[in-house]
There are 2 protein chains.
Amino acid sequence: MNLSIESPRDLIATLGYLCLGSRLKRLGERMQTSVAQHLGARGHEVQPAQLPLLWALQEHGGAMTIGALGERLGISQPGVSRAIASLEGQGLVRPTRAGKDRRQRQIAISPAGEALMADLSARFFPAVQRAVEQLCLAAGPDLLARIDRIEDDLADAPLEARIAAQLAKADA
Amino acid sequence: MNLSIESPRDLIATLGYLCLGSRLKRLGERMQTSVAQHLGARGHEVQPAQLPLLWALQEHGGAMTIGALGERLGISQPGVSRAIASLEGQGLVRPTRAGKDRRQRQIAISPAGEALMADLSARFFPAVQRAVEQLCLAAGPDLLARIDRIEDDLADAPLEARIAAQLAKADA
DNA sequence: CTCGATAGTATAACGCGATATATATCGCGA
DNA sequence: TCGCGATATATATCGCGTTATACTATCGAG
C-alpha cells in the first residue's frame with residue numbers, strides 16, 4: 001500500500017461521499033435498464049424515461065406545454081423536447097391545436113398513449129412498484145421521502161454553492 | 001382531471017417508485033456537475049467520474065488491470081476502458097511494463113496523478129465531503145449505508161428478476 | 001502441436017442527464 | 001409601427017452509464 005501522499009483511510013472516507021454522485025447515477029441506470037428490458041420483452045418501444053411524461057399528461061388531463069412538463073417533472077427543457085419528439089414518433093402523444101402563443105406547443109396524450117398506460121397500469125407498474133419498494137424498504141424506511149428532502153434542499157442551495165461555502169469556511 | 005382510465009392517485013403512488021431510477025440519475029448527475037464545475041474553475045481537466053479510478057490506483061499502491069479496476073469500483077469494463085484512455089491522455093496514469101498475460105494492461109497512477117490527488121486531497125475533497133454529508137444528514141442518518149445495502153441486494157437479485165417475480169406472484 | 005473455448009480489452013452504439021446556443025415568437029416602449 | 005429584450009422550443013454537444021460485439025491472447029484437450 002502506497003502511503004506516500006497521506007493515509008489511505010482518509011481518502012476512503014472522503015471518496016465515499018465524493019463518489020456518491022457516480023453511484024447514484026449507476027443505481028438509477030440499473031433500475032431504468034431493468035424496466036426497459038421488461039418493456040422491450042412486452043413489445044413496447046417506449047423508454048422508461050418517457051413514462052413520467054405520459055403519466056404527467058394523463059394526470060393533468062389535457063394538453064401541456066414543453067416547459068410545463070419540465071417544471072412538473074423536474075427535467076430540463078431539452079430533455080423534455082427530445083422525449084416528446086420520440087413519443088410523437090411512436091404516436092403516444094400528439095400536438096393539439098396551437099393556442100394564442102405560437103412559440104409554445106400544446107402536447108396531449110393520444111388514444112394509443114392512454115391505451116398503453118392502461119395496459120401497463122394493470123399489472124406491470126404495480127409489479128415494478130412492489131419490486132423497487134421491497135428493495136428500498138429492506139435498506140430502511142422512507143427512502144423516497146429522503147430523496148424528496150435532498151432534492152428540495154438542493155433546490156434551495158445548489159451543491160456548487162455548498163462546496164464553495166465549505167471551502168471558504170476552511171479558509172477562515 | 002381526466003379519470004377515464006383509473007384513479008390518478010394510484011398512478012401517482014405507483015409512479016413514485018417507477019420514477020426512482022430517473023430521479024436517482026438526475027440527483028447523481030447534479031452532484032457530478034457541481035464537482036466538475038469546481039474542478040474546471042481550478043483549471044483541472046479531470047472529470048469527476050475519473051476520480052474514483054485515481055483513488056483506487058492510489059489506494060491499491062501499484063498497477064491494476066482494467067478488469068480489476070472495474071470490479072473494485074463496480075463500474076462496467078467499457079466504462080473503465082474509456083476513463084483510463086482519457087486519464088492516459090491527461091498524463092495522470094500510465095501503462096506499466098506488461099506482465100505475463102499480454103491480454104491485460106497494467107495501469108498505474110503517474111507522478112502527475114499523485115500530485116493532482118495530493119492537491120485535491122488537501123482542501124477540495126474534504127470540502128466536497130462535508131457539503132455532501134451535510135446535505136445527506138439533513139435528510140436522515142446512514143444514507144451511504146443504505147445505498148451500500150441496496151447495491152448489495154441488487155447484486156444478489158437483479159431488479160429484473162425481482163420484477164419478474166412480482167409479475168409471477170400477481171398471476172398466482 | 002494444433003484447435004476450440006475462454007478471458008481481457010477496446011470499440012461502437014445507445015439512453016438520458018446536463019449546458020450552451022440558435023431561432024422564432026411575443027410583448028412592450030419609443 | 002418599429003424595434004428590442006424576453007420567452008418557448010429545438011438542436012448541438014458533451015459526460016458517463018449501459019450492452020453488444022470484435023479482436024487478440026491464453027489455456028486446455030486431443
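First the proteins, then the strands, lettered A, B, ... as listed; each starts at 1. Hydrogens, waters and symmetry mates are skipped; everything else that's a heavy atom, side chains included, is used.
Leu92(A) is not listed as a side-chain neighbour of Ile109(A), based on a closest heavy-atom distance of 4.5 Å or more. For the pair Val128(B) and Leu159(A), the minimum side-chain heavy-atom distance is 4.5 Å or more. In this structure, the side chains of Phe124(A) and Asp119(A) stay at 4.5 Å or more apart for every pair of heavy atoms.
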request  = For each nucleotide in nucleotides 18-23 of chain D, reading 5' to 3', give B when a protein heavy atom comes within less than 4.0 Å of its base, S when such contact involves only the sugar-phosphate, and - otherwise.
outcome  = BBB---
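Listed here is the closest heavy atom pair of Arg162(B) and Asp153(B): NH2-O, 3.1 Å. For Trp55(B) against Arg72(B), the heavy-atom pair with the smallest separation is CH2-NH2, 3.4 Å.
Here Arg23(A) pairs with Asp148(B) in a salt bridge; the nearest charged N to carboxylate O distance falls below 4.0 Å.
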message = The test is salt bridge (charged side-chain N to carboxylate O under 4.0 Å, His left out); show your working for Arg105(B) and Glu88(B) and say whether it passes.
response = CA-CA 12 Å; Arg105(B) 301 178 60 211; Glu88(B) 264 188 80; 2.6 Å; yes
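You can see that DNA chain C meets the heavy atoms of chain B within a 4.0 Å-exclusive cut from dA7(C) to dA18(C), reading 5' to 3'.
Between Leu24(B) atom CG and dG17(D) atom C1' the separation is 14 Å, expressed in whole Å.
Sorted by first and then second residue, the side chain to side chain donor-acceptor pair (under 3.5 Å) pairs involving residues 26-41 of chain A (not counting sequence neighbours) are Glu29(A)-Lys25(B).
Remark on DNA chain D: of its neighbouring residues Asp101(A) and Ser22(A), the 5'-side contact belongs to Asp101(A), judged by nearest-heavy-atom nucleotide. Between Glu88(A) and Arg102(B), it is Glu88(A) whose nearest contact on DNA chain D lies nearer the 5' terminus.
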